[in-house]
Amino acid sequence: MKKVLFATSALVLTAGVAAAEVAVSGDGRMGVIYDGDDAQFSSRARVKFTLTGESDAGLSFGGSFRVDQENYNANAYRSAARGTAGAVWISGTYGKLSMGDVVSASEAAIGDLYEIGYTEGQFANDIEEITYLTGDGANLDQGPSILYEYTVNNISLYASASDGVNTVWYTTPGTNAHGDDTGDTAYSLAAKYDGSTWWAALSYAKHGDASEIGLGAEGKFNNFAVKGVYMSYDDRFDGLDEWKYTAGLAASYQADAVLVKGFWRQDKFDLFGGGTEKYDSFGIGADYDLGGGAVLAGGIIDTDYLDDTVVDMGIKFSF
Amino acid sequence: MKKVLFATSALVLTAGVAAAEVAVSGDGRMGVIYDGDDAQFSSRARVKFTLTGESDAGLSFGGSFRVDQENYNANAYRSAARGTAGAVWISGTYGKLSMGDVVSASEAAIGDLYEIGYTEGQFANDIEEITYLTGDGANLDQGPSILYEYTVNNISLYASASDGVNTVWYTTPGTNAHGDDTGDTAYSLAAKYDGSTWWAALSYAKHGDASEIGLGAEGKFNNFAVKGVYMSYDDRFDGLDEWKYTAGLAASYQADAVLVKGFWRQDKFDLFGGGTEKYDSFGIGADYDLGGGAVLAGGIIDTDYLDDTVVDMGIKFSF
Amino acid sequence: MKKVLFATSALVLTAGVAAAEVAVSGDGRMGVIYDGDDAQFSSRARVKFTLTGESDAGLSFGGSFRVDQENYNANAYRSAARGTAGAVWISGTYGKLSMGDVVSASEAAIGDLYEIGYTEGQFANDIEEITYLTGDGANLDQGPSILYEYTVNNISLYASASDGVNTVWYTTPGTNAHGDDTGDTAYSLAAKYDGSTWWAALSYAKHGDASEIGLGAEGKFNNFAVKGVYMSYDDRFDGLDEWKYTAGLAASYQADAVLVKGFWRQDKFDLFGGGTEKYDSFGIGADYDLGGGAVLAGGIIDTDYLDDTVVDMGIKFSF
């Protein structure tokens, strides 16, 4: 049962070793964030485990989570050992089924806008991320969710769902499991057509009265890429205000080791007190690939969600 | 940059590498639990570290804990770095001495009933586990416990103990260590005779006024296995009721890749208000080995401890 | 004793594998501590990740943290993924720049007294550690700090600083980042001259009104080593009392596999109510190297900070 870390996966494969294994990878970053008032140091180091195996009949299975996603006693909603962080999956000719803190079908098909800066948008509260109605942490009071993905030729189909049961203790029903089990199933459906240089996707999600219809497309032409996302919400409330839509546009240009990226995003709300309000967000940044897993990166984001224009500049690593 | 774990320690050993090493392994599972009212998704992914080394004189030493057992700042009672989760050990010709969140001598000798279902009994609050009086988390207010194991020929001897000192801060005595140090040493002794196809064990444990006498035996004949456990308690209280005994019986039958398992358990209490009450628990389940570390499994458990019959069905992985 | 994925990095390099990798190492210990009143079991097991990489231009980078240093949801001040535990760094011909929970320039140059016992001083609240004014956890309310180190010939220069901004949420400024941002930059400068058998260092640190001047030197002659540290504080308060200085002396003698170590330390305070008080601390201990990463060790510490003389005896492991 002992495993020793070895560095050449080639050798492992040729040696015909059993498939089940745990891979350890990591990432890090260091730099400075200007938060509108002050410049601050910001750094991090993380480690990720990727578990993979294959049954005798060729069924692939696996799981993955990061060390910082295992908060067993601190937060039952953020624990891979409780199914509320990371995910496990099985995969075969019939598609791939994942369970855990999975993204919704909508997000799996459409995704987010491009990440800016060495903190990958975190210096502006990840405003490049679309706030999907379901999945990816949105329904963890119901425990793990599932995501099913199936691709045939150019078409990918996605379906995701929570189990509709609020539980006191997620992974183990028991005497205390029946206190508050009147949740609404949060589900999502999506389809994507993938051409050789572009894709387009359509999605739907529902949780209780709230629903979401999404549209996304991306094209890549030579060194240039552009992506558009439009999410229309119905009966979705952010506090007392009703969230009507999120529209976003992102573009990038690769010139040798330099990747320039930018995005624009607009969110519209019908205010509780009457009237509407639009929040605009802009970001622009550049990555410079130093090779070997190191990337110099910086970004500027101006968003109505923050009072200030924020800037980051630093270096990010992958191991 | 992912790193792959290499599986053949043989290669490493022939290369003459030093013995001290950290092995990384993992497990996972996904499936559905019916808790008597609702069906719920339940999944998890975990990673375990196993540390091993050998001194120049041939003394083996090591330790092990899982990522979810390291809750340093969240729960001092569940932290491998504080000795209150996982364990470390030394081992040689004189036997093996472990320290940490070890099991009691009773549990080391006798163990639990057979685990049912893909959640290995967790879907019914692990009712197949005997609730030993000492060790395995029962005395963590005293910090780490010790377990000593010695085997000569067919006979194994076990002894375990807590240190009898309640401490505010487990691993570091100091100015605040003397607040509440009036604990009772929790200890246990056990002996086991291991025949070729069967074993039998006798155990004793004591903590304060409470004591436990245990008897266990298991036989394996061809594809059939059966195990019986009887634990008699004296002056052991569960709230105001006095716990008199736990009796359990488990059996399994292996037919090719299929392993069918079942257990029965009875607990008797003398009620505070007068009279007695017996709690019966039954479980039956089957594992189907898919190879490569994947096992399809399901179980049904009916126990007086829960109001409902609970069911699980899913797939479990080891990496 | 670091453990690399594979023990011969030479082999890995000759195979032309990319440099970026995650090494997993560990440590453990078990033994008994006498806290002045009672003997207590004390053990632990820990795992450390060391991330290393190199850019195309030869810039080295990396990071490291232990599993118990990642308390993402339990304690934002003790999380490698937030930059408040462990550290990341880049290193080249211009020196080494680290960010995270780094030590101060003072501590990097001068360090602590010798560690005694199998718990390496923890059984007496690490009284052998100099309580540096800045860095190493002292300023984590400001998030990550930086440490710069540069060595030319026999001279090493050190500089460290916090960013002077108290943040609610360290790694991500945003709407809630401006609540309390009136921190004082904590910084430190140090220089060290390293002869062949001895070194001497001078340091300065400042945080708000408080300042620290430090002097350290160590000599190693055959099997004998001796180290002296003197830290003078100005306007540094411990509660209402003013901390004037810390003086310390440590010595060790190696005889084959046995290493005998001792230290003395004195702290002087001007009391709020008038008068002064001196706290003396003494420690003596011995390590016996069993080889393969196992060391038998014990120590006795008598300090005015504790009412009792405390003792530890046990075995410590590195994997």
Side-chain angles (χ1 to χ4, degrees), chain B residues 1 3 5-6 12 15 17-24 49 51-57 59 61-65 67 70-75 79-83 85-90 97-100 142-146 161-165 167 170-175 177-178 181, chain C residues 1 3 5-8 11 18-22 24-47 53 66-71 73-75 77-79 119 122-126 289-294 305-308 310 315 317-319:
Chain B
M1 272 294 147
K3 287 274 125 45
L5 284 168
F6 196 70
V12 173
V17 172
E21 62 188 26
V22 178
V24 185
F49 303 108
L51 299 74
T52 50
E54 191 178 301
S55 78
D56 291 348
L59 178 80
F61 55 87
S64 83
F65 66 96
V67 177
E70 184 49 86
N71 295 282
Y72 195 81
N73 272 254
N75 187 347
S79 165
R82 297 193 195 279
V88 292
W89 60 79
I90 50 173
L97 179 68
S98 304
M99 192 182 288
Q142 299 183 19
S145 287
I146 55 168
S162 68
D163 58 22
V165 184
T167 46
Y170 304 112
T171 54
T172 313
T175 47
H178 306 318
D181 56 1
Chain C
M1 209 48 176
K3 187 101 257 279
L5 309 182
F6 195 67
T8 46
L11 179 69
E21 60 186 29
V22 178
V24 184
S25 58
D27 64 70
R29 67 190 188 198
M30 60 192 292
V32 176
I33 293 174
Y34 174 74
D35 68 4
D37 271 11
D38 305 286
Q40 300 181 38
F41 301 135
S42 177
S43 64
R44 78 174 179 197
R46 305 190 303 183
V47 160
R66 296 192 312 266
V67 177
D68 58 289
Q69 289 179 316
E70 184 50 87
N71 294 282
N73 272 254
N75 187 348
Y77 295 77
R78 292 291 179 191
S79 165
T119 64
Q122 211 182 343
F123 71 110
N125 293 339
D126 288 315
D289 191 347
L290 300 173
Y305 285 103
L306 301 176
D307 292 334
D308 301 292
V310 292
I315 189 165
F317 312 118
S318 62
F319 303 95

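We name chains A, B, ... by the order of the sequence lines, and we start the count at 1 in each one. Predicted, not measured: the structure shown is a model, and the values here were computed from it.
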With a 4.5 angstrom heavy-atom cut-off, is it the side chain or the backbone of C:R78 that approaches chain B, or both, or neither?
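It is the side chain, since no backbone atom gets that close.
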Non-hydrogen atoms of chain B under 4.5 Å away: do they reach the side chain of C:D27, the backbone, both or neither?
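For C:D27, the backbone is the part near chain B, not the side chain.
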For C:R46 versus B:L51, what's the shortest heavy-atom pair and its separation?
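Scanning both residues completely, I find the closest heavy atoms to be O-CD2, 3.7 Å.
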Between B:D56 and C:G292, what is the shortest heavy-atom contact and its length?
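For B:D56 versus C:G292, the nearest heavy atoms are OD1-N, 3.7 Å.
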Heavy-atom distance under 4.5 Å to chain C: side chain of B:F65, backbone, both or neither?
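B:F65 touches chain C through side-chain heavy atoms alone.
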For B:L59, which atoms come within 4.5 Å of any heavy atom of chain C: side chain, backbone, both, or neither?
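Contact with chain C involves the side chain of B:L59 alone.
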Pairs of heavy atoms under 4.5 Å with chain B: top-ranked of C:N71, C:V67, C:D289:
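Top option by heavy-atom pairs under 4.5 Å: C:N71.
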Do [X] and [Y] have side chains that approach each other closer than 4.5 Å (heavy atoms only, starting at C-beta)?
{"X": "B:F49", "Y": "B:V24", "value": "yes"}
{"X": "B:E70", "Y": "C:V47", "value": "no"}
{"X": "C:M30", "Y": "C:F317", "value": "yes"}

Options B:A74, B:A80, B:G63, ranked by heavy-atom pairs under 4.5 Å with chain C, top entry:
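Heavy-atom pair counts peak at B:A80.
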